[in-house]
Each structure stands twice: as C-alpha cells, then as structure tokens.
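Atoms considered below: every heavy atom in the structure, side chains included; atoms not considered: hydrogens, waters and symmetry mates. One-based numbering along the sequence shown.
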Amino acid sequence: MPGVKGKNKGEWSEIYIFFKLMTDRKVYVADKDMNKLKDVFLNIISIIREESAGKEYRYYTGDNIVITLNGTPVKTLDASRFSEKANRVWEMITGNKGNTTFSNDEIRAFLESIFIHNISAPAQKKNDFFGGTKDIVLDTVDYRSGVSQIMGFSCKSDIDAASTLFNASGDNTNFEYELSGDMNDEKMDFFNSMYNKVVRKGTLHHDVAIGKRMDYLKSQNITVNFVNTARDTARHNLIRCGGLETPTIVAEMLKYYFYDKSGSDTSVDEAIKHLAEYNPIEYDFDNLYDTYHMKVANLLYFMFTGLRFSKPWNGKSDVSGGYIVVKRCGDIVAFHSCIADEFKDFLIDKLKFEAPSCSRHDYMSIYKKDDGKYYLKFALQFRFKLKK
C-alpha cells in the first residue's frame with residue numbers, strides 16, 4: 001500500500017510510536033530535558049484512528065488487543081504481536097544509514113491486517129484537537145484523578161530531522177523593517193544580487209546569501225528598524241495573545257537572528273537573553289529575563305495550540321495533549337501541555353529560529369517605496385532542535 005511504503009525515519013518513528021504505546025499501555029511525561037517524570041504518566045485505554053469519515057477504529061490495550069469498528073469488535077490479537085513489530089521497526093530505523101526512505105513488506109502486511117492503510121491519517125476527529133496538526137489520538141486515564149480524556153498528540157522524533165512548530169506562510173509571517181543609514185539604489189541593487197552557488201543532488205542552485213547580505217549592510221553602517229508586520233492579521237493576532245508589545249518583541253528577536261547574527265544558529269532562549277539585555281519594550285523593573293521569557297513562552301504555547309497569522313485568531317486554546325517524542329534510546333516520552341509551565345520550558349529549550357525559502361516567502365530583498373525610503377522583510381519560522 002502506498003500509505004505505508006517508502007517512509008522516511010520520521011514517518012517510521014510514528015509507526016514505532018503506535019506499536020510501542022500499544023505495548024507499554026502508558027506514556028510518561030517528561031521534563032524539558034526529555035527525562036521521564038517517573039510519577040507522572042497517562043494510562044492508555046485505546047488509540048483512535050479514522051482513516052475515512054464514518055469508520056472509527058479503536059485499538060484497546062491489554063494482554064489481548066481488541067480492535068473495534070464503530071464500537072463493534074472486529075479483531076483480537078495477542079499484545080506480543082505489537083511488541084514484535086515495534087522491535088522490528090526500531091531495528092529498521094536505527095539500522096538504516098543511507099536511504100532517505102525505505103519500506104518493509106512484513107510491517108506493511110501487518111498494518112493492513114489491522115485495518116491501517118495510511119499511518120499518517122489517524123483521525124478525522126483530530127481537527128477537534130490542536131488545529132488539525134495531531135498525529136495520534138489517545139483515549140487516556142489520568143493516573144492521579146482517574147479521569148478519562150481523549151487527547152491529540154503530535155509525534156516528534158529525536159532520531160531524524162527535527163520538525164517545525166511554526167511555519168512561514170508567504171507574506172503572512174513577514175516583518176517589515178526600514179533601513180537607516182547611507183542607503184541608495186546602487187547599494188540596494190548590489191544587496192539583491194548576492195547569491196551563493198550550491199550543488200544539491202548534482203544540480204547547481206543559486207541560494208540567497210543571507211549571511212553575506214546581512215554582513216554587507218553592517219559593513220555599510222546600515223541598520224534595520226522595525227516598522228510593522230507585513231499583514232494586519234499577524235499584528236492583531238500577536239496583540240491578542242500577548243499585548244501591544246508582542247509584535248515588537250518578535251521583531252526584535254528576528255532582528256537579532258537575521259541582522260545581528262547574520263542568520264547563524266540561534267536558539268529561542270538565546271534570543272530571550274538578548275531581549276533581557278536590550279529591553280526593546282523599555283520595561284522599568286527587574287527580572288527582565290523572566291518577563292521576556294514569559295511573553296515568548298506564552299506565544300509559543302499559543303502557536304502550539306493553533307495560532308497562525310493567516311487568519312484571525314479568537315484567543316481560545318482547547319488544549320488536551322502535547323508532543324510525543326521518540327528518544328534515540330527507543331524510549332517514548334510525552335510533553336504534556338496540561339503541565340503548562342514544564343511544557344512551555346520545553347518549547348523554549350528545544351526551539352530555534354530558521355530561515356525558510358526566501359523566494360517562496362518573499363523576504364530578504366530590499367525594496368523602495370514611494371516615500372523614497374528603503375525596506376527589508378524578515379520571515380518568522382521556528383524549528384525543533386531535539387537532538388543533543
């Protein structure tokens with residue numbers, strides 16, 4: 001089946017998570033360093049999947065795993081079958097060194113036998129969870145209260161390329177800056193002509209030279225000053241989630257990443273330390289790091305729950321899950337958003353800024369407006385850096 005063949009390591013990790021959770025019957029919550037909190041866990045009653053509308057499969061944990069379709073039992077298997085497949089998938093993931101994607105007929109046949117044809121389509125109901133971004137939906141029981149709750153989780157892998165929390169989206173996620181200094185058309189044209197020649201898969205490409213462009217501005221004593229978000233919707237959403245100062249806070253972090261550091265590797269925590277030192281909002285009290293940390297942590301949390309810049313946000317946060325991560329040792333841990341402070345610390349600790357495609361998102365080129373002034377846009381995108 002095309003749905004389960006030719007998967008990359010991250011996608012096979014999602015299959016591994018499914019098998020492993022069915023075997024373990026619980027998932028431990030982790031701290032920001034991905035260490036298990038041994039006394040904090042969720043018992044798993046079942047995993048819910050709905051590859052096509054109106055057909056809800058539930059996989060109930062236990063010594064014998066019972067599969068139901070719309071409430072009617074359709075198959076029963078010994079749990080050891082899932083344990084065997086989990087081990088086999090893990091061997092595939094850790095043993096594959098070269099191929100970008102790979103397949104396995106044994107696993108494909110087993111998945112088909114338990115009514116799974118596309119591992120990446122767990123539930124039509126996932127849109128009830130975190131903006132439709134969840135990879136696995138669990139029916140759980142809180143070990144503390146005994147309360148049953150359905151939770152949607154996004155699957156991440158510490159053994160493959162890290163995924164994004166917040167993706168750039170054309171001009172929706174761009175921030176506009178005015179250039180100050182001895183700027184002219186000649187410098188603008190030279191700046192816009194700077195490219196790097198790179199070879200990818202045997203083909204020559206010309207990528208925008210972000211670092212060289214930023215270094216050139218600094219060599220000409222040209223600075224960038226935040227004007228506004230490129231789109232009003234982005235500004236409105238940022239204000240809703242953190243107050244009038246939020247667009248300026250994000251813009252200053254982007255300036256630090258793109259201009260001050262010329263697009264070199266920059267973690268969110270490092271950017272927060274810059275905010276505390278530079279204090280762009282001019283807060284007149286102590287503990288500036290804690291203040292900016294709180295502002296940025298809340299923003300990231302809202303981004304996780306579905307905040308985007310392309311459409312108006314109503315401020316509601318329907319949170320009931322989090323992230324499930326496969327560690328490089330094979331353990332699975334959860335970052336549970338209901339433990340809000342620990343979850344926000346995880347987001348701060350594990351995220352970094354990223355420069356997306358300049359041509360696709362229309363930024364990093366200088367342009368001149370009718371007012372005779374020169375402007376430049378920076379794009380916002382966050383990526384996980386789970387690997388240590």
Side-chain angles (χ1 to χ4, degrees), residues 13-32 34-51 55-83 85-86 114-116 119 121-156 301 304-306 317-327 330-344 346:
S13 295
E14 193 174 330
I15 298 172
Y16 173 75
I17 287 172
F18 173 72
F19 289 153
K20 191 78 163 59
L21 291 180
M22 292 300 302
T23 301
D24 292 349
R25 309 181 195 178
K26 66 175 63 174
V27 59
Y28 285 91
V29 174
D31 63 19
K32 67 181 179 66
M34 293 194 287
N35 298 314
K36 286 183 181 179
L37 300 175
K38 294 183 179 180
D39 295 326
V40 185
F41 58 87
L42 298 168
N43 288 310
I44 300 170
I45 300 172
S46 67
I47 296 179
I48 305 170
R49 295 182 52 83
E50 192 176 2
E51 291 189 17
K55 288 188 176 182
E56 180 185 273
Y57 286 94
R58 290 203 180 210
Y59 299 78
Y60 287 89
T61 61
D63 292 337
N64 290 310
I65 291 173
V66 177
I67 305 172
T68 66
L69 171 58
N70 297 335
T72 301
V74 291
K75 193 162 190 173
T76 301
L77 298 89
D78 192 286
S80 63
R81 297 284 305 280
F82 285 77
S83 179
K85 302 310 178 188
I114 58 173
F115 316 105
I116 295 176
I119 196 69
Q124 299 293 325
K125 290 183 178 179
K126 68 182 178 179
N127 291 315
D128 295 335
F129 301 102
F130 310 88
T133 63
K134 297 305 100 186
D135 300 317
I136 193 165
V137 178
L138 310 179
D139 187 358
T140 65
V141 173
D142 191 302
Y143 80 104
R144 297 161 296 185
S145 63
V147 174
S148 177
Q149 188 176 14
I150 294 176
M151 299 182 176
F153 287 85
S154 180
C155 296
K156 307 296 178 187
Y301 183 83
F304 166 74
T305 63
S317 175
D318 299 322
V319 176
S320 62
Y323 288 100
I324 289 177
V325 176
V326 184
K327 298 173 65 174
D331 284 347
I332 292 176
V333 293
F335 296 95
H336 192 252
S337 53
C338 290
I339 307 175
D341 289 338
E342 192 73 49
F343 186 71
K344 290 175 183 178
F346 160 71

Could you give the side-chain donor-acceptor pairs of residues 72-80 under 3.5 Å, partners two or more places apart or in another chain?
from	atom 1	to	atom 2	distance (Å)
Lys75	NZ	Ser113	O	2.9
Asp78	OD1	Ser80	N	2.8
Asp78	OD1	Ser80	OG	2.7

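- Closest approach of Val333 to Ala30, counting heavy atoms only: CB-CB, 3.7 Å.
- Using a 4.5 Å heavy-atom cutoff, the side chains of Met151 and Leu42 are in contact.
- Shortest non-hydrogen contact noted between Phe153 and Ala334 is CE2-CB, 4.2 Å.
- The aromatic rings of Tyr301 and Phe343 stand perpendicular to each other, their planes meeting at an angle above 60°, with 30° marking the opposite boundary.
- Closest heavy-atom contact between Ile332 and Lys36: O-CE, 4.4 Å.
- Summarising the geometry, atom CZ belonging to Phe115 is positioned 5.5 Å from atom OH belonging to Tyr57; distances are rounded to the nearest 0.5 Å.
- Taking both residues in full, the closest heavy atoms of Cys155 and Glu14 are given as SG-CG, 4.1 Å, listed atom of the first, atom of the second, then distance.
- Residues Ile65 and Phe82 are in side-chain contact: their nearest non-hydrogen atoms beyond the backbone lie under 4.5 Å apart.
- The distance from the OG1 atom of Thr140 to the CD1 atom of Ile44 is 8.0 Å, given to the nearest 0.5 Å.
- In this structure, the separation between NZ on Lys26 and CD1 on Ile45 is 13.5 Å, given to the nearest 0.5 Å.
- Closest approach of Tyr60 and Ser46 over heavy atoms only: CD2-CB, 3.8 Å.
- Listed by first and then second residue, the ring-ring contact (aromatic ring centres under 6.0 Å, His included) pairs involving residues 62-81 amount to none (not counting sequence neighbours).
- Across all their heavy atoms, Tyr59 and Ile114 have their closest contact at OH-O, 2.6 Å.
- A cation-pi geometry, defined here as NZ or CZ lying under 6.0 Å from the six-membered ring centre and within 45° of its normal, does not hold between Lys85 and Phe19.
- Between the side chain of Asn70 and the backbone N or O of Glu56 there is at least one donor-acceptor pair closer than 3.5 Å.
- Ile47 contributes atom CD1, which lies 11.0 Å from atom CD1 of Ile67 (distance to the nearest 0.5 angstrom).
- Expressed to the nearest 0.5 Å, how far CZ of Phe18 lies from OG1 of Thr23 amounts to 9.5 Å.
- The distance from the CD1 atom of Ile116 to the CZ atom of Arg49 is 4.5 Å, given to the nearest 0.5 Å.
- Using a 4.5 Å heavy-atom cutoff, the side chains of Arg58 and Val137 are not in contact.
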